[in-house]
Number of protein chains: 4
Amino acid sequence: MAADPETRLRADARRNRDQILAAAREIFAAQGAEVPMEEIARAAGVGVGTLYRRFPDRDALIRAVAVDNFDKVLKDAKAAKDQESSNWDALIRLLHQSMELQLSVQLAMVSQRALAILKSDPAIKALRDDLLVVLGDFVQGAQAEGKLRTDVATGDVAMLFAMLLRQMPSKGKEVARMATRRCIGIMIDGLRAGRNEALPGRALTSADLDPSG
Amino acid sequence: MAADPETRLRADARRNRDQILAAAREIFAAQGAEVPMEEIARAAGVGVGTLYRRFPDRDALIRAVAVDNFDKVLKDAKAAKDQESSNWDALIRLLHQSMELQLSVQLAMVSQRALAILKSDPAIKALRDDLLVVLGDFVQGAQAEGKLRTDVATGDVAMLFAMLLRQMPSKGKEVARMATRRCIGIMIDGLRAGRNEALPGRALTSADLDPSG
Amino acid sequence: MAADPETRLRADARRNRDQILAAAREIFAAQGAEVPMEEIARAAGVGVGTLYRRFPDRDALIRAVAVDNFDKVLKDAKAAKDQESSNWDALIRLLHQSMELQLSVQLAMVSQRALAILKSDPAIKALRDDLLVVLGDFVQGAQAEGKLRTDVATGDVAMLFAMLLRQMPSKGKEVARMATRRCIGIMIDGLRAGRNEALPGRALTSADLDPSG
Amino acid sequence: MAADPETRLRADARRNRDQILAAAREIFAAQGAEVPMEEIARAAGVGVGTLYRRFPDRDALIRAVAVDNFDKVLKDAKAAKDQESSNWDALIRLLHQSMELQLSVQLAMVSQRALAILKSDPAIKALRDDLLVVLGDFVQGAQAEGKLRTDVATGDVAMLFAMLLRQMPSKGKEVARMATRRCIGIMIDGLRAGRNEALPGRALTSADLDPSG
DNA sequence: AATGAATGAGGATTCATTCAT
DNA sequence: GATGAATGAATCCTCATTCAT
C-alpha cells in the first residue's frame, strides 16, 4: 500500500519532467534560451510551479537539457564506433548525425548565458570529455586508415562539428536540411586524405577546446 | 547652412554616434543582442539618453549595427573582386576575411529577435542582395576558371560563409582565430574542383537563402 | 470546473481586482490619469506585478475604470426612470446624482490621453450610447410633461451633465459638495419650462456629442 | 552705440518670450500641462535652451501663462464694468466672454500639478482676488438692480464661471462653441431673479473659493 | 503535489534640465 | 544670446521566483 502510491507518483513526476524537458528543448532550439519560463511551462502543459518544482531555476533547466543532449550525441558516437567498419566511416556518420542534433547542442552557441552555465557544470564537462575521447579515437583511427588528412587533430574536427550544430538560416526546413547535408559533404571532402593545401597554424587538440582559458 | 544630414554640430555628435555603434558592435558580438542598453551606453562612454537620441530604440540600434557591417562585407567583397587576379582567389580572400567580420554578421544568427528585425529592414535586405550578387559572380567565375567544383552554387557558398560568421567557442582569441582559419582551409579544400564525392540534393542558389518561406 | 470567467481562485484575485479598480478610480479622480502605476498599486495594497497581471497596461486600467463608472451612471439613470413619478423628476435626480459620480466620468475630461483611450473603446461607446438613450427619454418625457423648456434637446442636457462631472476647486469637500448642489439647482432653474430667454443656435442632439468629427 | 544694441536685444527677447507664451497657452489648452518642453519650444520656433533662458522651469512657464490669462480676464471684466449700462449686463457679458477664455484658465482645472503651482503664486493670487472683487461688485450690483436672484453670492457665480472654463467635449469647434453659449444661456436663465426654487445650503462667498482649506 | 496569483527587482524608455558650441 | 546635444532620474513594464490555495 505504501510502495504503490510512491511508484505512481514517480510515474507522474517523470512524465512531467520529460514533458518539460521536451518542451524546453524545442523552445530553446527555436527561440534561444531567454524565453519566459511561463512559456515553457505552458508548452509542457504544466503550471510554472511544477516546472520550478522539477528544476529549481532556469539554469538548472538549461543544464538538464544540455545533459540530455550531450548524452544522445555520446550514445550516437558510441553506436557509430560499434557499427561502422572503419573509423573514417564512423566519423562521417557522426558528422551526418550532427544534423539531427542541431536542435540540442546549438544551445550552447545561441546564448552567451547558456554557454556560461554549461561551462561550469561538471556533469556536462564529463560528457563532453567522453565525447572528445571517442572523437579522438575516430580521428586517429581514420588517419591510421589513410582516409583522414594527417594535418588535422581532434580539435579541428570538433570545431567543424560544432560549426554544424547550428540552425541554418534559410527558406525552410527542407532547404535547411539539405544545406546542412551539403556543407557536411564539402567538409568531408576537405578532410579527406590526399590532395590538399597545407593548413595554417598547428593541429588543434582537445585541449584547445577548453574554454577555461 | 548644413549641407547634408551628416555635417554641422557633428563634431561631437558624429563622434558619439560612431562610438556607440562601435561599442554596440563589440558588445553584441560578445554577448548577444540582449545586453542592457545602459551597458552599451557605458561602453560607448555616453549616457543612455544620448544613445536613445541617436537610436530611438534597441531595434534601431541593431539595424544600424547590421547595416554598418553588411556594408563592410560588401566593400570587402568588391575590393576582392578588383584586386584579385582570379575569381577563385577573390572567393578565397572573401572567405578568409569573413573571419574579421565575425563580430558583425553573426548578430543575425545569435538572436532570434535580431534575426526578425533584420529580415524586415529594406536597407539590410538590399545590402544582402548586393552581396549575393557579388558572391554569385565569384562562384560562376571560379567555376569557369576550373577552380571551383561545379556541383555547388551561390547558396552553398553563402551557407559556408554564414557558418563561419560565428564566434568559435574555444580557449582564447588566439586559438579561436587559428581554428577559424583552419576550418576555412578545410572548406576550401572541400570546394576545390577535381576529386570529390557527389554532394546530396541539388545546388543551392541565392533564392534558397531567402528566409521568407 | 470554473463556471464562468469570474469564478475560481477568485477569492483573492477578485478582491485584488476590485481593490485596484477602487484605488485607481480614487487616484485618477484626485490626481489625473498620469499617476505612476506604482502609486496606484500601493494604494490598492498590491505589488505592481499584480496590477499588471490584471490590467496589461495603463490604458487597460483607464478603460476598466471608465467602464465601471459609466456602468454606475447608467444603473442610476435606469433606477431614476423606474422610481421617479415623472420624467422631470427623474432628470433632476440624475443631475443630482451626477455629483456622486464626479470621481468617475471626469476622467475623460481631465486627461487628453484618457479621452483618446475612451473614444476608441467599443464597450465604453456602447455604455455611453445607452446612457444617451435614457437621457433622451427623460428629456422628451419632461418636455411632454411641460416641465422642461422645449428649446433644448438631449445634447444640451448631456452637456450640462458633463460639465458637472468635474471636481469643483474649492476650500474643502463640504464646500465643493454644496457648490455642486447649488450649481445644479441653478441649472435646473435655467432648464425649467416657462419664462426664459431664447437660447442661441439650435438644440443639440445626441449626435452632436459624437467626438468623431 | 551702447543703447541701441541693448534695445535691439530687448525687442528680440520680448518677441521670443511672447512667442513662447503664445505657443504654451495653445498647447496647454489643447493637450494639458504635461507636454514635453521640447514640443513647446518647437511650436514657439525656438530651441529648448531659449525657452529655459526665459522661464527657468516648467512651473515658471505655467505661472507665466496663468498670469497672462488672468490678466486678460481681469481686463475684460473691467471693460465690461465700464461699458455696460447695468451690472447684470456686465455679468452676462463676462459669462459670455468666459467662452473666449476657456483656452487659458482651464489650465488650472486640467492639471492637478498646474493647480498646485497656481495656488502658490502670489501674483496669480492677487489677480484672482482682484477678479473676485470685480465679480462681487457685479453680483451685488445686479441684485440691487433686481435682475439677479438674491440667494446667490459671488462664490456661486464664480463657480458657474469656473465650470464654463473648460473645453466642451464634442463633435467639433462649431458645436463646442454653440454648446458653451447655450449652457451659458441656461445658467443665466437660472440666475435670473424671480421664479426660482430655493437653492440648497448657503450662498457661497469669495472666501469659499480659497483652496487653502 | 499541482496550480497559478503575487511580488519586486531589473531593464527599457522618456523627458526635464544643464552645458558646450 | 541661441541652439540643440548630453545627462540621468523617474516611470513603465516584464518576468524569474515564491507562496497560498
Side-chain angles (χ1 to χ4, degrees), chain A residues 5-6 8-10 12-13 16 34-42 45-59 61, chain B residues 8-17 20 34-42 44-59 61, chain C residues 2 8-17 20 34-42 44-60, chain D residues 5 8-10 12-13 16 34-42 45-59 61:
Chain A
E6 238 236 320
R8 197 57 185 287
L9 281 179
R10 280 278 177 76
D12 275 19
N16 269 341
E34 330 282 81
V35 265
M37 292 298 264
E38 190 136 6
E39 187 169 335
I40 296 169
R42 201 178 325 120
V46 303
V48 250
T50 305
L51 196 167
Y52 273 92
R53 167 175 295 277
R54 297 299 161 218
F55 306 94
D57 58 19
R58 174 188 294 277
D59 287 9
L61 179 58
Chain B
R8 188 79 137 96
L9 238 205
R10 283 297 259 320
D12 41 351
R14 157 60 69 183
R15 182 185 345 285
N16 272 338
R17 199 192 129 95
I20 292 171
E34 330 282 81
V35 264
M37 292 297 262
E38 191 136 4
E39 188 170 332
I40 296 171
R42 198 174 331 115
V46 303
V48 250
T50 303
L51 197 168
Y52 275 94
R53 168 182 280 273
R54 292 309 154 206
F55 306 96
D57 55 20
R58 177 187 295 278
D59 286 10
L61 179 58
Chain C
R8 187 83 137 92
L9 238 206
R10 286 292 262 317
D12 42 350
R14 157 60 70 182
R15 182 185 346 285
N16 271 339
R17 199 193 129 95
I20 292 170
E34 329 283 82
V35 265
M37 292 297 262
E38 190 137 6
E39 188 170 334
I40 296 171
R42 201 177 325 118
V46 302
V48 250
T50 304
L51 196 168
Y52 276 95
R53 170 183 278 272
R54 292 310 156 205
F55 307 96
D57 56 19
R58 177 188 295 279
D59 286 11
Chain D
R8 199 51 187 291
L9 283 178
R10 280 272 176 78
D12 274 20
N16 268 342
E34 330 282 83
V35 264
M37 293 297 264
E38 191 136 6
E39 187 170 334
I40 296 170
R42 201 178 325 118
V46 303
V48 252
T50 305
L51 196 168
Y52 273 91
R53 167 176 294 278
R54 297 300 161 217
F55 306 95
D57 57 19
R58 175 189 293 276
D59 287 8
L61 179 58

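To find a chain, count down the sequence lines: A is the first, B the second, and so on, and within it residues start at 1. Because the structure is a prediction, the values reported are computed rather than measured.
The structure places CD1 of B/I20 at 11.0 Å from CZ of B/R53, a figure rounded to the nearest 0.5 Å. With values rounded to the nearest 0.5 angstrom, C/L51 atom CG is found 11.0 Å from C/R17 atom CZ.
Taking B/E39 as the reference, B/Q31 meet the side-chain hydrogen bond (donor to acceptor under 3.5 Å, both in side chains) condition, with sequence neighbours excluded. In terms of the side-chain hydrogen bond (donor to acceptor under 3.5 Å, both in side chains) criterion, A/N16 has no residue partners (sequence neighbours excluded).
Here the closest non-hydrogen pair linking B/A13 and B/R54 is CB-NH2, 3.4 Å. Taking each heavy atom of B/R58 and B/V35 in turn, the nearest pair found is NH2-O, 2.7 Å.
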Quiz item: Pairing of DNA chain F as dot-bracket, 5' to 3': ( ) intra-strand, [ ] crossing, | other strand, . unpaired, with Watson-Crick or G-U pairs under 3.5 Å?
Solution: .||||||||||||||||||||
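Taking atom CG of residue D/L51 and atom P of nucleotide E/dC19, one finds them 17 Å apart after rounding to whole Å. Straight-line distance from the CD atom of C/E39 to the P atom of F/dC12: 10 Å, rounded to whole Å. In this structure, C/I40 places its CD1 atom 8 Å from P of F/dC12, rounding to the nearest Å. Here the C1' atom of nucleotide E/dT3 and the CZ atom of C/R53 are 11 Å apart, to the nearest Å. In this structure, CD1 of C/I20 is placed 13 Å from P of E/dA5, rounded to the nearest angstrom. Look at CZ on D/R42: it is 19 Å from P on F/dA2, rounded to the nearest Å. Remark: C1' of E/dT13 and CG of B/D59 are 13 Å apart, rounded to the nearest angstrom.
Side-chain N/O atoms of C/T50 include none lying less than 4.0 angstrom from OP1 or OP2 on E/dA5. For E/dA5, the OP1/OP2 oxygens have no side-chain nitrogen or oxygen of C/R14 closer than 4.0 Å. Close to F/dA5, at under 4.0 Å from its OP1 or OP2, lies no side-chain N or O of B/N16. Taking only side-chain nitrogens and oxygens, C/R54 comes nearer than 4.0 Å to OP1 or OP2 of E/dA6.
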Enumerate the protein-to-nucleotides 9-12 of chain E contacts in which both atoms are nitrogen or oxygen and the separation is below 3.5 Å.
from, atom 1, to, atom 2, distance (Å)
E/dA12, OP1, B/R58, NH2, 2.1
E/dA12, OP2, B/M37, N, 3.0

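By the 4.5 Å heavy-atom criterion applied to side chains, B/L61 and B/M37 are counted as neighbours.
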